[in-house]
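Structure first, then comments.
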Amino acid sequence: MTTTTRADRENRLAGAAHLLARRRRLAGAAHLLALIAGVTLSACGEGEPAAEEHEHEGTEVVTQWNEATELFLEYPYLLGGRSTGNWAIHLTDMDDFQPIRSGTLTVNFLQNGAVAESYTVEGVARDGIFLLDPFAPAAGAYQVELILESPQADSRHLLEEVQVYVGEEDLPHAHVEEDGGAIAFLKEQQWQIPFAVAEAVVDTLHRTVWVPGEVAAADGAMVQVSAPVDGIADAAANRHAPSVGERVRAGEVLVVLLPTAQDGSFAQALARVERLEREAARAQRLYDAGAIAEKRLEESRHDLEVARAEAEALGAAGTQGDYRLRLAAPISGEVASRTFVPGGRVAAGEALYTLVDPARGWLRLRLPADEAAAVPPGARATFTLEGSEAVLESGPLISVGSVMDPVTRTVPAVFDLSGLTRRFTFGQLARAAVPVDGTVTGLVVPNSAIVDDNGTLVAYVQAGGETFERRVLNLGATDGRRTVVLSGIEAGEMVTTTGAYQVRLASMSGGEFAGGHAH
């Protein structure tokens with residue numbers, strides 16, 4: 001569990017302009033509790049006469065995280081036996097960083113392990129916010145326990161030191177300090193956008209090297225279909241020929257050609273097959289009648305097999321005896337390019353189609369020669385693609401070359417992408433982190449917390465529930481998903497991993513991005 005200290009609250013939060021504005025709004029809102037349906041208070045001192053309402057200066061601000069929820073709480077300095085004024089208790093679900101929308105909140109004042117006062121709030125005043133107006137117990141030091149029971153999360157927060165004062169003369173002097181560049185970003189604003197934070201922790205990363213590369217088709221995943229003979233792409237037969245981007249199945253007819261006459265032409269090959277088929281059939285009848293030896297039958301069959309092989313090499317499969325050449329797809333995939341025009345002439349060897357199977361991709365990288373041997377077998381690279389900040393993980397290592405390019409002084413490495421559900425565009429440039437032998441230990445944060453602010457790498461630290469700080473970072477090693485921070489952040493601090501851009505906008509707009517606070 002992480003709790004901001006009293007010194008932190010005074011130095012970082014007391015002077016934030018948005019908190020002062022909200023205190024003024026809250027000061028006149030004590031009657032709101034009586035108007036909110038579903039909020040019931042049960043206290044050990046129930047039935048006692050109400051103490052005189054008295055507004056006094058000074059506000060405590062607490063931010064606390066546990067595995068289930070984030071607590072952000074504001075409450076005035078407490079005077080024994082008096083109404084404390086509004087407690088604005090903000091609770092956020094740490095699973096999705098959305099507000100707690102329903103549930104029961106129990107607030108206990110504890111002294112020496114025993115409950116001095118207890119209050120229960122049934123339901124939220126609005127999403128994420130429980131409102132409470134308790135009477136403070138007798139003067140002294142207390143712990144305050146907040147227990148949430150909600151369909152979203154069950155959670156317990158404990159405030160270790162809550163001081164209740166005897167009289168106004170005992171209250172700390174309320175003062176406002178410079179905010180030191182604090183950025184105000186309210187809970188309601190956080191709840192309206194994709195938002196998340198993570199704790200900076202000391203951990204061990206596998207050593208990696210960053211290298212360039214590209215997404216390429218795996219061997220056999222990109223093929224060309226070429227014209228084996230000169231011919232004409234029959235206009236009528238190719239009216240519905242597959243176009244770029246269409247899916248095709250292996251064996252599906254792509255193009256129908258009318259071969260033109262030439263020596264060793266397609267038509268001659270078909271005619272030879274037909275003649276040898278008739279001779280083989282006649283030899284079978286003669287052999288069955290005992291008129292020829294078996295050797296003669298075998299020779300006839302052999303001649304037919306050779307002729308068929310020659311015809312198939314020209315694309316004769318599926319001609320159905322009409323002397324038209326049908327070229328079929330050798331693989332299932334998508335049409336990447338089509339160069340012929342129905343009714344046009346094609347030349348022998350001309351590429352008519354390029355087919356790709358986008359599900360079978362490779363990540364081709366160039367490794368520094370001195371690191372190539374340190375890539376462990378089965379390693380997986382993390383990478384980003386041009387135009388995107390999304391971090392992807394490759395399949396296992398396929399191969400690492402053993403011959404260095406004399407110009408780039410690098411060695412090729414190939415990682416499999418075939419098992420990934422994402423579709424890739426072959427030829428996309430990539431930047432990858434490749435694991436190599438060795439580890440690095442240090443303070444680490446998710447890479448998503450690192451923001452390039454006009455060439456300066458920064459992170460936005462959540463100093464309090466609604467207060468953020470921009471920190472300039474000095475970075476170390478990375479494993480592609482997390483990075484070692486050499487300076488700029490301390491262990492235990494919460495860094496913004498989703499929504500940092502909106503926090504940055506709030507800093508540029510004076511801290512009131514997306515509107516003000518409302519309770």
- Look only at the side chain of D93 and the backbone of T69, and say whether a donor-acceptor pair between them is shorter than 3.5 Å. no

- With sequence neighbours left out, which residue pairs that include part of residues 340-357 fulfil the side-chain hydrogen bond (donor to acceptor under 3.5 Å, both in side chains) condition? S337-T354

- Message: Would you compute the distance between atom OG1 of T63 and atom NZ of K187 and round it to the nearest 0.5 angstrom?
- Response: 7.5 Å

- Kindly indicate whether the side chain of R481, heavy atoms from C-beta on, has any atom under 4.5 Å from the side chain of P446. no

- Query: Backbone N or O of A241 within a donor-acceptor pair of the R338 side chain at under 3.5 Å?
  - Reply: yes

- Message: Under the rule for side chain to side chain donor-acceptor pair (under 3.5 Å), what residues qualify as partners of R482, not counting sequence neighbours?
- Response: D203

- Working to the nearest 0.5 Å, report the span between OG1 of T483 and CG of L443. 11.0 Å

- Dump the intermediate steps for salt bridge (charged side-chain N to carboxylate O under 4.0 Å, His left out) on E493 and R471, then the final yes or no. CA-CA 11 Å; E493 290 189 310; R471 304 283 185 83; 2.9 Å; yes

- Task: Taking the side chain as every heavy atom from C-beta outward, state whether I450 and L475 have any pair of such atoms under 4.5 Å apart.
- Result: yes

- Nearest atoms (heavy-atom pairs only) where A413 meets L367: CB-CD1, 3.6 Å

- Ignoring hydrogens and geometry, is there a side-chain-to-backbone donor-acceptor pair from E469 to A182 under 3.5 Å? no

- Message: Determine whether a donor-acceptor pair (N or O, by modelled atom type, separation under 3.5 Å) exists between the side chain of H90 and the backbone of I129.
- Response: no

What pairs of donor and acceptor atoms, side-chain ones from residues 212-228 against any protein atom, are under 3.5 angstrom apart with sequence neighbours left out?
none

- Over all heavy atoms of both residues, which pair between A283 and I292 is shortest? Give the atoms and the distance, please. O-CD1, 3.3 Å

- Item | Reported CD-to-CG distance for the pair Q192 and L186, which is rounded to 0.5 angstrom | 9.5 Å

- Item | Qualifying residues under ring pair (Phe, Tyr, Trp, His ring centres under 6.0 Å), relative to F383, sequence neighbours excluded | none

- Just do the salt bridge (charged side-chain N to carboxylate O under 4.0 Å, His left out) check on E294 and R296 with the steps written out, would you? CA-CA 5 Å; E294 183 178 2; R296 180 77 177 275; over 6 Å; no

- Query: Within 45° of the six-membered ring axis of Y287 and under 6.0 Å from that ring's centre, is NZ or CZ of R285 located there?
  - Reply: no

- Note on the structure: Residues passing the salt bridge (charged side-chain N to carboxylate O under 4.0 Å, His left out) test with D453, sequence neighbours excluded, are R470, R504

- Taking the six-membered ring for Trp, are F185 and F195 parallel (under 30°), tilted (30 to 60°) or perpendicular (over 60°)? tilted

- Query: Considering residues at least two apart in sequence or located in another chain, which fulfil the side chain to side chain donor-acceptor pair (under 3.5 Å) criterion with W210?
  - Reply: none

- What's the spacing between Q462 CD and E199 CD if we round to 0.5 Å? 12.0 Å

- V253 vs L327 side-chain heavy atoms within contact, under 4.5 Å: no

- Query: Is there side-chain contact between E386 and R431, with at least one heavy-atom pair below 4.5 Å?
  - Reply: no

- Item | From CA spacing to verdict: side-chain contact (heavy atoms from CB on, under 4.5 Å), L71, I89 | CA-CA 7 Å; L71 166 69; I89 305 170; 3.6 Å; yes

- Query: Hey, does K295 have a side-chain heavy atom less than 4.5 Å from the side chain of E299?
  - Reply: yes

- Query: Which residue pairs pass the ring-ring contact (aromatic ring centres under 6.0 Å, His included) test when at least one of the two sits in residues 405-434, sequence neighbours left out?
  - Reply: none

- Would you sort out whether T497 and S448 count as a side-chain hydrogen bond (donor to acceptor under 3.5 Å, both in side chains), showing the intermediate values? CA-CA 5 Å; T497 57; S448 57; 4.6 Å; no

- Side-chain heavy atoms of E371 within contact of R207, under 4.5 Å: yes

- Sub-3.5 Å donor-acceptor pair from the side chain of S150 to the main-chain atoms of G103, do we have one? no

- So which pairs with a foot in residues 398-408 pass side-chain hydrogen bond (donor to acceptor under 3.5 Å, both in side chains), sequence neighbours left out? T408-T410

- Query: Do you know the tightest heavy-atom contact between A500 and V451?
  - Reply: CB-CG2, 3.7 Å

- Item | Results of side chain to side chain donor-acceptor pair (under 3.5 Å) for T425 - residues two or more places apart only | none

- Task: Kindly compute the distance separating OG1 (T384) from CG (L429), expressed to the nearest 0.5 Å.
- Result: 10.5 Å

- Message: Treating T496 as the side-chain partner and Y460 as the backbone partner, does any N or O pair qualify as donor plus acceptor under 3.5 Å?
- Response: yes

- Item | Rounded distance [0.5 Å steps], CG in L91 versus CZ in F72 | 11.5 Å

- Message: Can a side-chain donor-acceptor contact be found between S300 and E279 if the only test is distance below 3.5 angstrom?
- Response: no

- Query: Backbone N or O of D416 within a donor-acceptor pair of the S394 side chain at under 3.5 Å?
  - Reply: no

- Task: Using the side-chain contact (heavy atoms from CB on, under 4.5 Å) rule, take V248 and E334 through it: C-alpha gap first, then chi angles, then the decisive distance, then the call.
- Result: CA-CA 6 Å; V248 296; E334 293 181 359; over 6 Å; no

- With a 4.5 Å limit on heavy-atom distance, are the side chains of I489 and V495 in contact? yes

- Report the C-alpha distance between L363 and V414 in whole Å, list the side-chain angles of each, state the deciding distance to 0.1 Å, and finish with yes or no for side-chain contact (heavy atoms from CB on, under 4.5 Å). CA-CA 6 Å; L363 179 64; V414 177; over 6 Å; no

- Note on the structure: By side chain to side chain donor-acceptor pair (under 3.5 Å), T92 pairs with (sequence neighbours left out) W191

- Which is it for E70 and M94 under the side-chain contact (heavy atoms from CB on, under 4.5 Å) test, yes or no, and what are the steps along the way? CA-CA 6 Å; E70 175 203 307; M94 290 293 286; 4.0 Å; yes

- Message: Are V255 and L257 packed together at the side-chain level, in the sense that at least one heavy-atom pair is separated by less than 4.5 angstrom?
- Response: yes

- Task: May I ask you to check whether over 12 heavy atoms, not counting those of E149, lie within 6.0 Å of atom CD?
- Result: no

- Task: Quick one: closest heavy-atom pair of D452 and G455, and the distance?
- Result: OD1-N, 2.7 Å

- Can you run down the salt bridge (Lys or Arg N to Asp or Glu O under 4.0 Å) pairs that involve residues 242-255, sequence neighbours left out, and say none if there aren't any? none

- Item | T439 side chain to H206 backbone, donor-acceptor under 3.5 Å | no

- Task: Would you mind listing every ring-ring contact (aromatic ring centres under 6.0 Å, His included) that reaches into residues 474-509, with sequence neighbours excluded?
- Result: none

- Message: If we ignore hydrogens and angles and just use 3.5 Å, is the side chain of Q502 paired with the main-chain N or O of P194 as donor and acceptor?
- Response: no

- Query: So T382 and D479, side-chain hydrogen bond (donor to acceptor under 3.5 Å, both in side chains) or not? Walk me through it.
  - Reply: CA-CA 8 Å; T382 54; D479 64 1; over 6 Å; no

